[in-house]
Amino acid sequence: LVGIPAAIQMAITAFSNIFVQSYINYFGADCMGGWTAYTKVDAFLFLPMLSVASGATTFVGQNLGAKQYDRVKKGFWFSVKVSTVALVAISVVRRIVHPLQKLTDAAVQLSGGNYDVEIIHSNTHEIKLLSSAFERMTQHLKEHEKLQHILAYRDSLTGLRNMNSYKAWVSDFDKEIASEKPDFGVLVLDLNYLKETNDQYGHEIGNKLLVVAGQFISGIFKRSPVFRIGGDEFLVILQNRDLEAADELLEKLNHECAAASVVADEKVIPLSIAKGLARFNPDKDETFIEVFNRADDAMYENKRKAKSKEK
């Protein structure tokens with residue numbers, strides 16, 4: 001009699017599997033393969049449990065028939081102890097495996113370039129240490145990526161955007177010009193007499209001039225991207241308020257540069273910058289470089305006029 005409920009359970013399970021399998025077959029070979037794999041894994045876990053249950057059922061049935069009720073009680077409490085140990089073991093394993101799985105998922109995201117991945121912490125000491133170490137590694141990778149970005153897109157001397165950054169901006173602007181016709185201007189600036197300063201006072205003084213020039217330019221055109229695109233050449237992309245106030249800002253730059261200088265060997269070296277501005281003409285310009293070329297020509301004309309006045 002004790003085995004009848006188990007037999008009914010098995011019969012119901014087998015009968016229901018027939019209907020489940022018939023509907024799964026409609027979903028194709030991939031689904032059938034997945035279901036087959038699942039049933040194999042399920043059987044791997046279920047059969048040991050079934051064997052233990054069958055053994056316990058047989059033990060109880062035999063001792064009930066023999067009226068050995070004390071042995072039935074001992075068997076019952078033994079089963080409770082085994083079940084408790086199994087539950088505790090499963091709980092402990094889960095507490096370890098779950099955070100490890102989360103760390104594995106985080107590692108996969110990290111390898112894909114996502115450095116903002118969330119690190120799951122655990123109360124387990126070893127897992128907690130591993131999570132903390134993983135979090136520190138992630139932070140170091142983020143800082144390293146930030147440093148690499150700075151090295152790739154920032155000028156190491158002035159801290160301004162460099163030629164790589166400028167090329168990326170030009171590419172974006174060419175796409176905008178082809179579709180949206182953005183309103184912008186290009187300001188090209190060239191530090192005068194840099195070669196003469198380097199030859200007479202050394203490159204350290206020339207570098208100071210470049211740094212001072214970069215500070216003045218970026219300080220005046222605060223709302224615009226400023227680039228160092230050559231040894232003595234800077235470029236500003238003007239938009240919005242800076243473009244509207246371009247003449248006023250250029251006048252301010254002239255005024256402040258006139259009062260700026262660098263001291264070398266007790267001699268004051270003035271800061272002299274040639275400038276050329278060109279605005280995007282939607283009726284004529286098809287690429288960014290066309291605007292740049294007009295600004296560059298205007299800068300060299302400004303440089304020529306400044307040198308002719310000095311003569």
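Remember, predicted model here, so these are calculated numbers, not experimental data.
Taking the six-membered ring where the residue is Trp, the centroids of Phe184 and Phe288 are separated by under 6.0 Å.
Judged purely by atom type and a 3.5 angstrom limit, Arg294 uses its side chain to pair as donor or acceptor with the backbone of Arg279. Judged purely by atom type and a 3.5 angstrom limit, Arg71 has no side-chain atom pairing as donor or acceptor with the backbone of Lys73. With hydrogens and angles disregarded, no donor-acceptor distance shorter than 3.5 Å links the side chain of Ser171 to the backbone of Lys167. Not a single donor-acceptor pair under 3.5 Å links the side chain of Asn302 to the backbone N or O of Ala298. In this structure a side-chain-to-backbone donor-acceptor pair under 3.5 Å is missing from Asp155 to Arg161. Side-chain atoms of Asn281 come within 3.5 Å of backbone atoms of Asp283 as a donor-acceptor pair (strictly under, hydrogens ignored).
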(message) Please determine whether side chain to side chain contact (heavy atoms under 4.5 Å, CB included) holds for the pair Phe280 and Asp183, giving the CA-CA distance in whole Å, both sets of side-chain angles, and the decisive distance to 0.1 Å.
(response) CA-CA 6 Å; Phe280 171 70; Asp183 189 20; 5.6 Å; no
(request) Take Ile229 and Phe292 through the side chain to side chain contact (heavy atoms under 4.5 Å, CB included) test and state the conclusion after the steps. (result) CA-CA 12 Å; Ile229 60 173; Phe292 167 81; 4.0 Å; yes
(request) Run the numbers on His203 and Thr197 for side chain to side chain contact (heavy atoms under 4.5 Å, CB included), then give the verdict. (result) CA-CA 8 Å; His203 286 274; Thr197 301; over 6 Å; no
(message) Could you walk me through whether Asp199 and Glu196 satisfy the side chain to side chain contact (heavy atoms under 4.5 Å, CB included) test, starting with their C-alpha distance in whole Å, then the side-chain angles of each, then the deciding distance to 0.1 Å, before giving a yes or no?
(response) CA-CA 5 Å; Asp199 292 342; Glu196 291 80 357; 5.7 Å; no
(request) Applying salt bridge (Lys or Arg N to Asp or Glu O under 4.0 Å), run through Lys74 and Asp70 and close with a yes or a no. (result) CA-CA 6 Å; Lys74 289 180 181 179; Asp70 289 339; over 6 Å; no
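Remark: Glu301 pairs with Arg304, Lys305 by the side chain to side chain contact (heavy atoms under 4.5 Å, CB included) rule, at least two apart or across chains. By the side chain to side chain contact (heavy atoms under 4.5 Å, CB included) test, Arg241 pairs with Arg223, sequence neighbours left out.
By the 4.5 Å heavy-atom criterion applied to side chains, Trp169 and Asp172 are not counted as neighbours. Counting heavy atoms from C-beta on, the side chains of Leu189 and Leu235 never come closer than 4.5 Å. Looking at Met163 and Arg228, their side chains never come closer than 4.5 Å, going by heavy atoms from C-beta outward. In this structure the side chain of Leu187 reaches within 4.5 angstrom of the side chain of Leu250, judged on heavy atoms. In this structure the side chain of Ile269 never reaches within 4.5 angstrom of the side chain of Val263, judged on heavy atoms. For the pair Val188/Val186, a side-chain contact is recorded, criterion being any heavy-atom separation below 4.5 Å from C-beta on.
In this structure, CG in Asn162 is found 8.5 Å from OH in Tyr153, a value given to the nearest 0.5 Å. Interatomic distance, CD1 of Ile220 versus SG of Cys257, reported as 6.0 Å (0.5 Å rounding). Between the CZ atom in Phe216 and the CG atom in Leu271 there is a gap of 6.5 Å [rounded to 0.5 Å]. Rounded to the nearest 0.5 angstrom, Leu243 CG and Leu249 CG are separated by 10.0 Å. To the nearest 0.5 Å, atom CD1 of residue Ile217 and atom NZ of residue Lys222 are 15.0 Å apart.
A side chain to side chain contact (heavy atoms under 4.5 Å, CB included) with Leu209 holds for exactly one of Ile273, Val262, Asn192, Asn198; it is Val262.
Residues Arg154 and Gly159 share a closest heavy-atom pair of NH1-O, 3.1 Å. Considering all non-hydrogen atoms of both residues, Leu157 and Asn207 come closest at CD2-OD1, 3.7 Å. The two atoms that bring Ser272 and Tyr193 nearest to each other are OG-CE1, 4.1 Å, heavy atoms only. Shortest non-hydrogen contact noted between Ile177 and Asp285 is CG2-O, 4.1 Å. Between Ser218 and Val226, the closest heavy-atom pair is CA-CG2, 4.0 Å.
The 12-atom threshold is exceeded at CD of Glu176, counting heavy atoms of other residues, nucleotides or ligands nearer than 6.0 Å. Heavy-atom contacts from other residues, nucleotides or ligands closer than 6.0 Å to NZ of Lys181 number more than 12. Environment of NZ in Lys208: sparse, with no more than 12 heavy atoms of neighbouring residues, nucleotides or ligands closer than 6.0 Å.
Remark: the Asp242 side chain and the Ser224 side chain contain an N/O donor-acceptor pair separated by less than 3.5 Å.
Grouping the Ile, Leu, Val, Met, Phe, Trp and Tyr side chains by contacts below 4.5 angstrom, directly or via other members, places Phe234 with Leu194.
Ring geometry for Phe227 against Tyr166 counts as perpendicular: the plane angle is over 60°, on a 0 to 90° scale with 30° as the lower cut.
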